[in-house]
Amino acid sequence: MVPRVVFGRGSFNQLNDILAPKRKNAKAPFIYLIDDVFKNNIWLISRIELSYDDRIIYISSAEEPKTSQVDELVEDIILSTKERPSGIIGIGGGTLLDLAKAVSIMLTNEGESHEYQGWDLVKNPAIYHVGIPTISGTGAEVSRTTVLTGPDKKLGINSDYTPFDQVVLDSELTKGVPKEQWFYTGMDCYIHCVESLEGTYLNEFSKSYGEKAFELCKSIFLEGALSDVESQEKLMMASWHGGMSIAYSQVGVAHAMSYGLAYVLGVKHGIGNCIVFDQLEEFYPEGVQMFKAMKSKYNIELPEGICRDLSDIELDTMINVSLGLEPLWENALGKGWKQKMTAKKLRELYKKM
Ligand SMILES: [Fe+2]
């Protein structure tokens, strides 16, 4: 679990005070990884106090984070700092938060990041790392994973060293998010709830978080509005609780299939989940029905036919990446999932997207 968290409108102003006692010495800087949409955003950037060799690295979140990207960042940081940094601060959406987690792990663990994709492969504790979400829904601020696209799979580095040491939840940072992105990322949270609550791994711990997050999502996406402060605060907590719910259970069919879309087509996580979930009535009848109602309330039109022109080889890769995520399928369909979800069935589902 994340041991320290502050919540509140304007709490981003506490960041400098939070970091000061964590500075090891003048040669060990803080490295800020920030979504490059904020590059010219004085309102946000001017509030970060850089001292000594502290540095901001702006990163585009146009693509899903990659293991090669993590390795390059780590190399850049090692070559440009006199000592191991005092900490890594990730500011942005799921992509930036996952990069911050992965970089902080790889600064203390040998080799390349793809070697750690899996469960509990990390040997040494990560350096101090802080997560500050600027869009809500992915749960990356609270999760014990950092999902990366590697040379042969899209899979997280799941470990006890992955979660942030500190999170700052300031909903004001999410105020400028465009509607589509707000919806897709919010639906990531909604889908976490459905997959957790409908899964076979469900337990009272996950359920207590999942139910709260589900209730919040319902109120935001069926009754609320993007621009109201209350909805922004609610979605921030829904993301947190949804993330907590899957941390102690697992996601399901939509995530397993969305990872396949991302691997082959580079589809971003939030929109990929929506494209898949829209076709999953068979597995989550009530959840999908409610999703369609939310979609129509906000006039969201999902892309269609994205798998139509895929070659057989590409489709096979997509299917293999997806079927490789065994815990997700087992959670969704139970121990006998291999009888229920075959490559043929998966192909038919992908063909509809
Ligand atoms: Fe997700």
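Read the numbers this way: they start at 1 and go in the same order the structure lists the ligands and their atoms. What you see below is based on every heavy atom in this structure, not just the backbone, and it leaves out hydrogens, waters and symmetry mates. Note that the structure is a prediction, hence the values are computed from the model and not measured.
- Ionic pairing of Arg144 and Asp160 is present here: one or more N-O contacts between side-chain nitrogen and carboxylate oxygen are shorter than 4.0 angstrom.
- Under the 3.5 Å distance criterion, with hydrogens and angles disregarded, a donor-acceptor pair is assigned to the side chains of Lys268 and Thr95.
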Worked check of side chain to side chain donor-acceptor pair (under 3.5 Å) between Arg23 and Ser86: CA-CA 5 Å; Arg23 188 183 294 279; Ser86 294; 5.3 Å; no
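- His192 contributes NE2 as its N, O or S atom closest to the Fe ion (ligand 1).
- The closest approach of His255 to the Fe ion (ligand 1), by N/O/S atoms, is made by NE2.
- Around the CD1 atom of Ile42, the shell of radius 6.0 Å holds no more than 12 heavy atoms that belong to other residues, nucleotides or ligands.
- An angle of 90° is found at the Fe ion (ligand 1) between His269 atom NE2 and Asp188 atom OD1, rounded to 10°.
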